[in-house]
Amino acid sequence: MSVMVNSTQPGRLSGLLRHPNFVIGAVLTGLLVLAALVSLVWTPHAFDAVAITQRMQGPSAAHWLGTDHFGRDIATRLMIGARNSIMVGVVAVTIGLVAGVGLGLVAAARGGWVDDLVARGADVVFAFPAIVSAILITAIYGPGAVNAIIAIGIFNVPVFARVARGAARQAWGQEYARAGLAIGKSHAAVTRDHILPNIAPVLIVQATIQFAVAILAEAALAYLGLGTQPPAPSWGRMLFDAQTFMALDPKLAILPGLAIAFAVLGLNLLGDGLRDVLDPRLRTERVG
Amino acid sequence: MLIYLARRVLVLLVTLLVASLAIFVVLEILPGDAALLILGIEAQDDTLAALRTQMGLDRPAALRYLAWIGGLVSGTTGISHTYDVPVSQLIGERLTLTVPLALIALFLSTLIAIPLGMFAATRRGRPGDYGVMGFSQIGMAIPNFWFAILSILIFAVALGWFPASGFPGWDAGIGAALWALVLPAFSLALPEAAILARVTRTSVLDTLGADYVRTARAKGLAPRRVLWSHVLRNALIPMITIIGLQFSFLLAGSIVIEVVFALPGVGRLIFQAVSQRDLVVLRDVILLLVALVVVVNFLVDVATTAIDPRTRRGA
């Protein structure tokens with residue numbers, strides 16, 4: 001395996017393909033993305049097509065996964081829910097990556113009081129769990145998907161700042177970093193040319209994990225009514241609605257939960273596989 | 001050690017101060033007029049004016065912040081405008097549910113995770129290991145509130161063993177009260193146990209390769225004894241760090257779980273305070289949650305330093 005890691009790209013790829021976690025994770029994540037993409041151009045039904053006479057039906061040719069308490073097509077709503085989850089994950093992770101990695105890199109390059117400030121600042125933000133910062137934002141600006149995404153993104157900033165800072169500090173201790181400074185490159189140039197490419201694997205793995213954390217957090221917020229607002233479908237809100245009717249129709253409570261669990265499982269396995277293959281020594285924090 | 005402690009306490013206090021400022025800015029300065037936010041735009045002018053006076057909104061923000069923090073330090077809190085009782089009383093009543101719930105969940109999670117993690121580590125690469133790691137992956141992927149809903153469906157609705165929601169109160173007897181907390185505590189504990197089992201496995205595996213473990217084995221100690229007294233003690237540090245972190249996730253998780261099971265705890269109080277825009281309650285409860293997280297992290301740092309002086313240098 002260690003030979004694979006140090007070899008060229010094709011070697012790395014075959015290493016990945018022989019890693020069972022990576023393959024399962026990639027397939028599950030692929031299905032999630034596929035469902036979301038297809039929902040952009042086609043869904044079996046309209047997501048808000050109400051048909052009270054056909055409420056809580058079992059799977060059929062017309063409704064592959066049956067209908068909910070308003071007679072709406074569950075498969076359609078799950079597909080659009082996938083789109084919703086992916087959008088939340090992408091935006092929240094991007095916010096965390098851009099702001100967090102930037103702060104972490106600056107902290108590691110400058111050291112001294114800048115480093116202390118970033119580390120302590122991360123501690124403060126870290127004291128607000130995602131759901132608590134989301135509640136703070138919702139209390140002022142009202143519930144909604146955008147506010148939920150911003151809250152989860154803010155929660156991601158200290159996570160990436162810590163990971164980037166830790167990895168970058170290690171990289172700065174290596175000879176190539178000092179050599180870069182010695183030939184007259186600026187700290188910023190060394191960071192761009194050497195530090196960032198070197199810590200990229202850690203960041204990719206952490207991004208995969210935070211994507212999963214974001215999906216879980218959005219589902220919880222939507223369940224509480226603080227995330228995506230009805231009638232727009234979201235997996236978390238579907239579970240909330242199901243609680244009233246699940247004694248009559250258990251599938252209402254089972255299907256959206258399965259969707260969340262498969263999405264999160266896929267991303268976590270993908271992250272595991274990437275970590276083992278990109279660098280077996282890597283350890284990433286899993287927080288959520 | 002004393003200097004280290006003093007430094008850590010200072011950091012703790014500064015962190016709390018910055019966090020309280022952040023809460024104050026978000027809840028009382030960003031909205032502009034907090035009274036208008038609470039009552040909505042259809043409110044009568046005199047009602048608004050009365051609430052502004054009651055909340056002290058006619059005073060400068062800096063003074064209001066100092067009054068809030070000063071009040072908390074001296075033990076007097078604001079009056080909730082929806083419940084019309086002091087916030088400290090509201091929180092106090094609800095803590096008697098949330099703290100036991102979080103502690104039971106933490107206990108369950110540790111009880112499940114440590115034996116599983118050690119079992120997996122001693123069977124590295126064998127079916128037992130894969131089984132535990134598979135359980136752990138699935139446990140991490142299941143949202144706690146979905147697990148809660150499924151457990152209600154199976155154990156309350158179908159089998160009728162547990163109440164589906166609500167809490168009888170401690171006055172109804174310890175047995176009945178604990179019985180109502182079984183499903184919520186398991187729902188909170190499962191994802192945390194899944195993470196802790198992984199950490200335990202990794203940590204034990206790291207320690208199993210150490211020289212002193214080989215020495216202990218070589219001098220003829222029983223493998224079981226080596227595992228429990230030599231390995232586990234040294235593997236404990238990363239585990240304590242994670243358990244400490246998990247306490248804050250349990251508190252955050254209790255917000256959702258208390259809503260699922262309609263339990264009258266701190267988490268549900270936050271949720272209600274948001275729906276009713278009770279900012280006076282909200283700022284105190286959120287600061288309380290943040291303070292709990294910060295204090296537990298502080299205790300974890302001190303505990304790991306006490307167990308292993310090597311970590312002090314990196315502080």
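Only a predicted model underlies this, so the values are computations on that prediction, with no experimental measurement involved. Chain naming here is simple, since letters A, B, ... match the order of the sequence lines and numbering starts at 1 in each.
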Q. With only heavy atoms counted, which part of B:L150 is less than 4.5 Å from chain A, the side chain, the backbone, both or neither?
A. side chain
Q: Find the one option among A:A219, A:P256, A:A242 whose heavy-atom pairs under 4.5 Å with chain B are most numerous.
A: A:A219
Q | Which atoms of A:I254 approach chain B - backbone, side chain, both or neither, heavy atom under 4.5 Å | A | both
**Q.** Proximal component of B:R283, with respect to chain A [non-hydrogen, under 4.5 Å]
**A.** neither
Q | Full working for side chain to side chain contact (heavy atoms under 4.5 Å, CB included) between A:L265 and B:I142 | A | CA-CA 8 Å; A:L265 183 68; B:I142 293 179; over 6 Å; no
Q | Most contacts with chain B, counted as non-hydrogen pairs under 4.5 angstrom, among A:I260, A:I137, A:L136 | A | A:L136
Q: Write down the atom of B:V157, the atom of A:A247, and the distance for their closest heavy-atom approach.
A: CG1-CB, 3.8 Å
Q.
For B:F247, is the CZ atom crowded, meaning more than 12 foreign heavy atoms sit under 6.0 Å from it?
A. yes
Q.
Nearest 0.5 angstrom please: A:I131 CD1 to B:S254 OG, how far?
A. 9.0 Å
Q: Evaluate the side-chain proximity of B:V293 to A:F126: yes if any heavy-atom separation is below 4.5 Å, no if none is.
A: no
Q. Is it the backbone or the side chain of A:L267 that comes under 4.5 Å from a heavy atom of chain B, or both, or neither?
A. neither
Q) Given side chains that start at C-beta, do those of B:M140 and A:N268 come closer than 4.5 Å, heavy atoms only? A) yes
Q: Locate the shortest heavy-atom distance separating A:I140 from B:V26; write the atom from each residue and the value.
A: CG1-O, 3.4 Å
**Q.** Region of A:L224 that comes under 4.5 Å of a non-hydrogen atom in chain B
**A.** both
**Q.** Residues B:F271, A:I135; criterion side chain to side chain contact (heavy atoms under 4.5 Å, CB included); working and verdict
**A.** CA-CA 8 Å; B:F271 180 69; A:I135 281 174; 5.9 Å; no
(Q) Does any backbone or side-chain atom of A:F262 lie under 4.5 Å from a heavy atom of chain B? Answer side chain, backbone, both or neither. (A) neither
Q) Does a sphere of radius 6.0 Å around CD in A:Q170 hold more than 12 heavy atoms from other residues, nucleotides or ligands, not counting ones at 6.0 Å or beyond? A) no
Q. Should we count CZ of B:F162 as having more than 12 external heavy atoms under 6.0 Å?
A. yes
Q | Atom pair OG/CD1 of A:S133 and B:I23 - distance to nearest 0.5 Å | A | 11.0 Å
Q: Would you check, one step at a time, whether the test side chain to side chain contact (heavy atoms under 4.5 Å, CB included) holds for A:M246 with B:I152?
A: CA-CA 10 Å; A:M246 66 183 179; B:I152 293 176; 3.7 Å; yes
Q.
On a heavy-atom basis, which atom in A:A253 and which in B:I149 lie closest, and how many Å separate them?
A. CB-CG2, 3.9 Å
Q | Modelled atom types, side-chain donor and acceptor of B:Q137 and A:N21, under 3.5 Å | A | no
**Q.** Least distance between heavy atoms, B:W146 atom then A:L239 atom
**A.** CD1-CD2, 3.5 Å
Q | Residue B:V290 versus chain A: region with a heavy atom under 4.5 Å | A | both
Q. For B:L153, is it the side chain, the backbone, both or neither that has a heavy atom under 4.5 Å from a heavy atom of chain A?
A. both
Q. From B:N144 CG over to A:L216 CG, what is the distance, rounded to the nearest 0.5 angstrom?
A. 8.5 Å
Q) Any side-chain heavy atom of A:Y223 within less than 4.5 Å of one from B:V260? A) yes
Q) What closest approach, in Å, do A:D272 and B:R198 show between heavy atoms, and which atom pair accounts for it? A) OD2-NH2, 2.9 Å
Q: Check A:V264 against B:A141 and note the closest heavy-atom contact, atom names and distance.
A: CG1-CA, 3.6 Å
